[in-house]
Amino acid sequence: MDHTKFIEAQVEEIRNTVGKGCAINALSGGVDSSVVTMLGHRALGDRLKTFFVDNSLMREGEPQRVVKTFAKLGIPAKLVDARAEFLSALKGLTDPEQKREAITQTFYAKVFSRLVRETGAKFLLHGTILTDIEETVAGIKRQHNILAQIGIKPEEAFGYAVLEPLRTLRKDGVRAVAKTLGLPAFIANRMPFPGPALAARIVGEVTAEKLALVRKATAIVEEELAGAKVFQYFATLLGDQATGIRNGKREFGAVVVLRCVNSVDARKATVTRLPWAKLDRICKRITQIPNVNRCVYDLTPKPPATIEYV
Ligand code: XMP
């Protein structure tokens, strides 16, 4: 199906399903949720209530930046402060799947349930793509936004139905639809960022302190590699610590991994051969972050690794 026909079909389906009611959606600023926002807005106009949920797991300045970008596109997105709720749900959890489950529950059972009650909406529009479904069903990892495919009935469990207009597309298809919808190139080409956000970039327990650290490392990597023609680059904070030397004294500090990979659709990935000078510079900047005394570059393709660590 060509992209214009895909858009028309999805707009029609959203309109028919929602009928005269209204729907909500959560915009994160990534290409998937941005495309869903555009489709939903085209189908429903102001009967689509768009929210940016600040879950404390986003990158530096991201909530405000995304809301501003969509305001310029004529789509109001309301900022919801759910930072404390997510941090308390993640407290004490170290297992990746438990962390994902806590994020899922906080989004779906708490925040979205509250938002549908407040708006009177019966539907949630969702940016799930085919790769999310496949990897979850294959048991590789539970993507935070997968419900029906693993037997959760959102209407019974949470009190609203979920529409997934992108469920047949992969990332490359979503980007093409984004361009056809007229989304700016910086959104259409935006690097993937996982649903569990920086919680997927911390191995082990997520705390406000670790989030602050990984947020700084992320900002450095994104600044240094901006414009690189690669699929994805990011920093991850490992759960282990390492010995280092700071100001002539022993320090037992944090280890940050730099990852930079090429991929078409995230099913397989190869490692980018970054110039040594660039690696060196990133390492120097990352180890200037207090308590970080080691920065390593991950040479593992997917498979056997996945792209993210969590
Ligand atoms: P993995 O780590 O499975 O990631 O190779 C494939 C792509 O999906 C992005 N992504 C996620 N990864 N949990 C994840 O671990 C999620 O909920 C999620 N959502 C998206 C990831 O960044 C990579 O591009």
Side-chain angles (χ1 to χ4, degrees), residues 26-36 53 55 57-59 62 86 89-90 93-108 112 126-147 149-150 152 162 164 166-167 169-175 178 187-204 206 214 217-218 221-222 225 228-239 257-272 298-310:
L27 169 69
S28 69
V31 63
D32 305 341
S33 70
S34 296
V35 166
V36 168
V53 179
N55 52 15
L57 309 172
M58 306 307 281
R59 288 166 288 189
E62 199 156 36
F86 279 88
L90 285 163
L93 302 183
T94 53
D95 176 78
E97 297 297 301
Q98 283 183 4
K99 283 160 68 177
R100 271 205 190 83
E101 176 64 14
I103 292 170
T104 301
Q105 287 301 325
T106 310
F107 265 124
Y108 294 90
F112 296 154
H126 221 202
T128 322
I129 65 171
L130 187 55
T131 320
D132 299 339
I133 298 170
E134 284 175 342
E135 292 211 336
T136 302
V137 172
I140 294 169
K141 70 174 72 163
R142 154 97 190 260
Q143 305 282 346
H144 83 292
N145 54 2
I146 298 297
L147 304 170
Q149 294 84 357
I150 53 168
I152 298 173
V162 174
E164 296 174 327
L166 311 183
R167 65 190 175 277
L169 302 181
R170 297 186 196 283
K171 203 57 119 189
D172 42 343
V174 182
R175 292 195 200 288
I187 295 178
N189 299 328
R190 205 156 175 217
M191 187 167 62
F193 187 61
L198 296 179
R201 305 271 165 88
I202 294 172
V203 180
V206 175
V214 84
T218 302
V221 172
E222 292 193 352
L225 295 178
K229 301 252 174 294
V230 295
F231 184 77
Q232 198 169 9
Y233 44 82
F234 58 89
T236 293
L237 172 62
L238 293 188
V257 176
L258 168 66
R259 189 125 170 86
C260 180
V261 294
N262 263 313
S263 179
V264 176
D265 56 18
R267 285 189 291 176
K268 287 182 181 172
T270 55
V271 177
T272 312
D298 185 343
L299 298 180
T300 327
K302 175 180 180 176
T306 55
I307 294 177
E308 304 284 350
Y309 275 65
V310 166

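Order of appearance sets the numbers: ligands from 1, and atoms from 1 within every ligand.
Of the possible polar contacts, none joining the Lys302 side chain to the Ser263 backbone as a donor-acceptor pair under 3.5 Å is found. In this structure, Arg259 contributes its side chain and Tyr309 its backbone to no donor-acceptor pair below 3.5 Å.
Remark: Lys268 NZ to Ile307 CD1 distance equals 12.5 Å, nearest 0.5 Å. Considering CZ of Phe112 and OG1 of Thr104, their distance stands at 10.0 Å, rounded to 0.5 Å.
Remark: distances from the non-hydrogen atoms of Ala200 to ligand 1 are all 4.0 Å or more.
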### Message
The test is ring pair (Phe, Tyr, Trp, His ring centres under 6.0 Å); show your working for Phe193 and Phe234 and say whether it passes.
### Response
CA-CA 9 Å; Phe193 187 61; Phe234 58 89; 9.0 Å; no
#### Entry: side-chain contact (heavy atoms from CB on, under 4.5 Å) evaluation trace for Val35 with Leu166
CA-CA 9 Å; Val35 166; Leu166 311 183; 3.8 Å; yes
### Query
Yes or no on side-chain contact (heavy atoms from CB on, under 4.5 Å) for His126 and Val36, after CA distance, side-chain angles and deciding distance?
CA-CA 7 Å; His126 221 202; Val36 168; over 6 Å; no
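Listed by number with element, the atoms of ligand 1 under 4.0 Å from a non-hydrogen atom of Phe231 are 24 (O). Below 4.0 Å from some heavy atom of Pro192 lie the following atoms of ligand 1, by number and element: 24 (O). In summary, the atoms of ligand 1 found under 4.0 Å from a heavy atom of Lys302, numbered by their order in the structure, are 1 (P), 3 (O), 5 (O), 6 (C). Atoms of ligand 1 lying under 4.0 Å from at least one heavy atom of Ala266, given by number and element, are 6 (C), 7 (C). Of all atoms in ligand 1, numbered sequentially from 1 with element shown, those under 4.0 Å from a heavy atom of Thr306 are 1 (P), 2 (O), 5 (O). Atoms of ligand 1 lying under 4.0 Å from at least one heavy atom of Val310, given by number and element, are 15 (O). Distances below 4.0 Å separate heavy atoms of Gly195 from the following atoms of ligand 1: 16 (C), 17 (O), 18 (C), 19 (N), 20 (C).
For Arg100, every heavy-atom contact with ligand 1 shorter than 4.0 Å involves the side chain, none the backbone.
For ligand 1, the polar-atom distance check against Gln232 finds a nitrogen or oxygen pair separated by under 3.5 Å.
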